[in-house]
Amino acid sequence: MAQFLLETVWLVPLYALIGGLLALPWSPGIIRRTGPRPAGYVNLIMTFLAFVHATLAFLVSWNQPPHDVSIPWLSTAGLNLSIDLEISSVSVGAMVVIAGLNLLAQIYAIGYMEMDWGWGRFYSLLGLFEAGLCALALCNNLFFSYVILEMLTLGTYLLVGLWFSQPMVVTGARDAFLTKRVGDLFLLMGVLAIWPLAGTWNYTELGNWAVTADVNQTLLALVGLALVAGPMGKCAQFPLHLWLDEAMEGPVPSTILRNSVVVASGAWVLIKLQPVLSLSPIVTSAMVAIGTVTAVGASIIAIAQIDIKRCLSYSVSAYMGLVFIAVGTQQDEAALLLVLTHALASALLVMSTGGIIWNSITQNVSQLGGLWSRRPMSGLAYIVGTLGLIGFPPLGSFWALLKLASGLWEIKPWLVGVVIAVNALTAFSLTREFCLIFGGKPKQMSERSPEVHAPMALPMIILLGFVLHLPLVLQSLSLLPSWADLNKDVALLLVWSTIFGCSISSIIYLSNIVPKPIRLPWQPLQDLIAYDFYTPKLYRMSIVLSVDLLSKLVDLIDRFVVDGIVNMVGLASIGSGESLKYSTSGQTQFYAFTVLLGVSVLGIFVTWPYWGNQFLDLIF
């Protein structure tokens, strides 16, 4: 039975897809009598089945060699496309995490969207997301990975725009979609360009090709940069990070998935492509540079945000920047461990703050406070999520960050400083948010803010326990990095950076030593951080302005050149027709004369070379 579950584990994405399709009839205007709730319950059952199937298959696949499944799809003109799947403990384990977090998000949504009218569409899109992410985890083909990423981009647009009656939601969904399309366009170029070089899109075959590849370095650099551009957009890396902030206009239950596993979809493709990307030093240096700028910049920007969702979204970008650094320095194991620990801790943070958004008047952290006595469960979940996301031993991210920093110590020691700085800044940012929300005295906006009810508290408690016990789970699977292989000095620096960030933030925001609100000595610096380094303005002045000018130019060409030629031909036809009306007499001899004249002119034209030469000889 267990072996059968492993052999059929490729069916796991179909569970969520079936659940999403079954939820469609409850969309508005189709089924009304039962209300929209059955859509959620159907999806919940199918996601539970997917989670159980993936978990049992994972237990069987552990310590077993991976095996491939190839399904022929298209063969034409010398192009053979097949749906390649890799069933391994890593891919099946990724599906366990995806299905598990989606199951908790759906339970959470039952409470969060209790009175919402969009259950049918919301749960259908959650099913689409889970199906796409699970398919991406199994997919062993770059081309079909691109197709799946495009489906997820469309799903993001539809899910963010769920409440389409609100103008800000529509704008956020549109901006998020268009921003991700920039990276997707370059990714498509890279996908098409690598086929003539390697002759395959299979990840395993691409890795084998990379061992003996002898290709021009300039060409490799261009293809590699194009392939990196797609994950840049998915992982919300600078300068394509703006979409994640815009996507926060969507429902909080969808943010649980987006901040944890959806952003990691780009990192998954990046890790799969690491052997190919490592062929070009330019590409690896670019990944390290992008990751460094995003990790440090997003960590600083997060400190100045006052919206609950924005504080967390920039922390997500920062940790995905560390993943870029890990892949750029060929540390795939550290990258996978970072993705896992970040996904669980980030999902827990979203659940904790989502309850505050659910029954509070404001999302502005400067207007909240004193919620610890009213929301002890949410506060405890926030603390555990924060400690699970920063370098706090013995929780998960401590081991992930330590493994990354220990590896960097041997090859690029200066990057250890980046990891330490990002950890300290993240600790400062998350502690600041905790102090402003749960610490201090209650304010007018937080006087009445009770704890969330059972459907929202249950998944939060389950995930809280799993984040606390993640090191034990990793140890039981022999995935916890060995203490003997790690750098003890780096571990000490990591712990001290955590203590420094948390303590300084607590002193500033829980005491009256520093006057509130916080003001930096130099106002332009404060504005620079508060306005996201002016990246939205730069984006509007560069990409948006360029697209706008190009659109206007195309419109002018279409109206005055293309339409002008067509209109000129039409006017010529009308004019010639009108002239014929006055020049035609209707007499037979006139028609005969016209035909004869035309034949004569045509004959002269055809025989002119002969008569022309005779005429010239006669003259000269």
Side-chain angles (χ1 to χ4, degrees), residues 146 149-161 164 166-193 218-219 221-250 263 266 282-283 286-287 289-290 293-294 297-298 301 310 313-314 317 321 324 524 527-571:
Y146 170 78
L149 289 175
E150 290 296 282
M151 292 172 55
L152 294 176
T153 300
L154 176 62
T156 299
Y157 170 74
L158 296 174
L159 202 49
V160 174
F164 53 82
Q166 304 176 24
M168 289 187 63
V169 170
V170 175
T171 302
R174 180 200 63 198
D175 292 348
F177 179 78
L178 294 178
T179 304
K180 294 177 75 173
R181 296 300 301 155
V182 176
D184 292 342
L185 179 61
F186 286 101
L187 177 60
L188 179 59
M189 295 179 185
V191 170
L192 297 178
T218 303
L219 183 58
L222 292 175
V223 174
L225 291 174
L227 293 174
V228 169
M232 274 180 60
K234 305 302 179 185
C235 295
Q237 297 297 285
F238 181 86
L240 303 178
H241 64 289
L242 298 175
W243 76 267
L244 188 60
D245 183 33
E246 298 289 346
M248 293 299 155
E249 296 294 339
V263 292
I282 296 176
V283 176
M287 283 193 291
I290 292 167
V293 171
T294 306
I301 292 173
R310 288 172 63 89
S313 70
Y314 280 104
S317 294
F324 264 68
D527 292 340
L528 181 68
I529 299 173
Y531 292 107
D532 310 349
F533 292 148
Y534 298 111
T535 46
K537 188 175 182 179
L538 292 173
Y539 190 79
R540 288 193 296 270
M541 293 173 60
S542 57
I543 296 177
V544 175
L545 180 61
S546 301
V547 173
D548 182 56
L549 293 177
L550 182 61
S551 301
K552 290 180 179 178
L553 177 62
V554 172
D555 178 63
L556 290 174
I557 294 174
D558 180 65
R559 282 193 294 161
F560 293 103
V561 178
V562 179
D563 286 354
I565 294 174
V566 174
N567 293 336
M568 186 180 298
V569 172
L571 289 173

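Every heavy atom of this structure was used, including side-chain atoms; hydrogens, water molecules and symmetry mates were not.
Distance check: Asp184 CG to Thr153 OG1 gives 4.5 Å after rounding to the nearest 0.5 Å. Here the straight-line distance linking atom CG of Leu187 with atom CE of Met232 works out to 12.0 Å at 0.5 Å rounding. Interatomic distance, CG of Leu550 versus CG of Asp555, reported as 11.0 Å (0.5 Å rounding). A distance of 11.5 Å separates CG of Leu222 from CE of Met189, quoted to the nearest 0.5 Å. Of the inter-residue distances, the one linking Leu159 atom CG with Leu152 atom CG reads 11.0 Å to the nearest 0.5 angstrom.
For Val223 against Ala193, the heavy-atom pair with the smallest separation is CG2-CB, 3.9 Å. Residues Ala221 and Ile282 approach most closely at CB-CD1, 4.1 Å, considering heavy atoms. Across all their heavy atoms, Ala286 and Leu225 have their closest contact at CB-CD2, 3.7 Å. In plain terms, the two heavy atoms of Pro231 and Gly266 that are nearest each other are CB-O, 3.4 Å. In terms of heavy-atom proximity, Ala298 sits nearest to Tyr314 at CB-O, 3.3 Å.
Screening residues 224-233 for salt bridge (charged side-chain N to carboxylate O under 4.0 Å, His left out), with sequence neighbours left out, gives no hits.
Contact of the Gln237 side chain with the Val293 side chain is not registered, since no non-hydrogen atoms from C-beta on lie closer than 4.5 Å.
Heavy-atom neighbours of Tyr157 OH from other residues, nucleotides or ligands within 6.0 Å: at or below the threshold of 12.
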